[in-house]
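Along the sequence shown, the residues carry numbers beginning at 1. Whatever order the structure lists them in is the order used to number ligands and atoms, beginning at 1.
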Amino acid sequence: MKKIQEESNFSSPLGVGGSIGIFDSGYGGLTILEKIRAELPQYDYIYLGDNARTPYGTRSFDVVYKFTLECVNQLFEMGCQMVVLACNTASAKALRTIQQKDLPLIDPNRRVLGVIRPTVEAVGIMTKTKHIGLLATVGTVQSNSYPLEIAKLHENIVVTSEACPLWVPLIENNEHNTEGADYFIRKNVENLLTADPQIDTVMLGCTHYPLIVEQIKSYLPESVKVVSQGEIVAQSLADYLQRHPEMAVKCTKSGSVRYLTTESVEKFASSASIFLNQEIRAEHIDLG
Ligand code: DGL
C-alpha cells in the first residue's frame, strides 16, 4: 500500500493532466530540476528521490530497472503525464526497457525521457580533438550507453570513461568539500586524462557531479571544457514541449514543486538544501 505521509491535495485523475515528474535515485536530480525550473518556471513539478535505496550506481541492471519503474509508476499514479529520469544510471539501465516494454502497457500516451541522449547531442559539437572523457557511476560506465549513443550521432569520436564509485556517496553524505573527497576526485580525474591525454571535453555523466564541478576543474587543464547536464536537459525538455503541444497542454502550469522522498523528510530537507541552497519541505512516500 503506497502512502504519502502528509495530506495530499493532489488529485489529478489518471490520463488527464498533472505535474512533470522528475526522478533521481537521490539528490542529484535536484541539479537538473533547478535548471528545468529556470527554463520552464510555469510548469508544476513533482521531484521523487529514492533516497532510501540510493546509490543506484553500483546496482545490477535488473535492480535499477525494477526500482526505476516503481518510481515512474508512482509519479504516473500522481497524475504525471511525463517523467524525466534525472539520473544517468536509471537512464542507462532502465529507460529503454520502460519506453519499449512498459509504457505501451501502462499508457502509450505518457512519456519517460532520459538525460543521456540530450547530453550526447550537445557534447558532440563541443569537441575539437574528437576525444571526449566521461566521468560517471560504475553502472553508467558499465552500461556503455554514452559511447554507444555518441557513435550513433557523431562520427569518429573517441570516448574514454572513468567510473567514480565514491563520488556519489561522498556527495550524498555532504563530505564532498573535504580533503578526503579531494583525494578521490583528483585520482579519478587524473586517471581519465592519463588514459587519454587528447581529451578536450569532459562530460559529467552523473547528476550529482555539478556539486563538485569546481574541484573537478581544478585538476584539469584550463583548455578542457567540463559539461554539466542541467542546462542541456532543460533546453532539450523545452524543445520537446514545443514540438509536442499535445503533451505541453496536459502538463499543469501553476509554477509549483513538491518533493517526495523514500527516506526521512528531515534527512531529505537537510541534504536537499545543500543542492538547492534553499529550505525544502519534503513528503515521505512508501513505494509498494
Ligand atoms: N544521480 C545518479 C546519476 O546521474 C547516480 C547516483 C547513484 O549512484 O544512485 O547517475
Does [X] reach the main-chain N or O of [Y] with its side chain, forming a donor-acceptor pair under 3.5 Å?
X: Thr54; Y: Asp50; result: no
X: Gln215; Y: His176; result: yes
X: Arg110; Y: Cys80; result: yes

Partner of Tyr56 by ring-ring contact (aromatic ring centres under 6.0 Å, His included), out of Phe67, Phe61, Tyr65: Phe67
Mind running side chain to side chain donor-acceptor pair (under 3.5 Å) on Thr119 and Gln229 for me, showing each step along the way? CA-CA 6 Å; Thr119 309; Gln229 299 175 295; 3.0 Å; yes
Record the part of Thr207 in heavy-atom contact with ligand 1 below 4.0 Å; permitted values are side chain, backbone, both and neither. both
Side chain or backbone of Thr58 under 4.0 Å from ligand 1, or both, or neither, by non-hydrogen atoms? neither
Which residue and heavy atom of the protein sit nearest [atom], plus the separation:
atom: atom 3 (C) of ligand 1; value: Asn88 N, 3.2 Å
atom: atom 8 (O) of ligand 1; value: Gly57 N, 2.8 Å
atom: atom 10 (O) of ligand 1; value: Thr89 OG1, 2.7 Å
atom: atom 2 (C) of ligand 1; value: Cys87 SG, 3.4 Å
atom: atom 6 (C) of ligand 1; value: Ser25 OG, 3.3 Å

Need the ligand 1 atom indices (1-based, order shown) with element for anything under 4.0 Å from a heavy-atom of [X].
X: His208; value: 1 (N), 2 (C), 6 (C)
X: Asp24; value: 1 (N), 2 (C)
X: Tyr56; value: 7 (C), 8 (O), 9 (O)
X: Thr137; value: 5 (C), 8 (O), 10 (O)
X: Thr54; value: 9 (O)

Lys250 with Glu246: basic N within carboxylate O range, under 4.0 Å: no
Distance-only side-chain donor-acceptor flag, Tyr146 / Asn88, under 3.5 Å: yes
Could you verify whether a donor N or O on one side chain and an acceptor N or O on the other, from Tyr27 and Asn174, lie under 3.5 Å apart? no
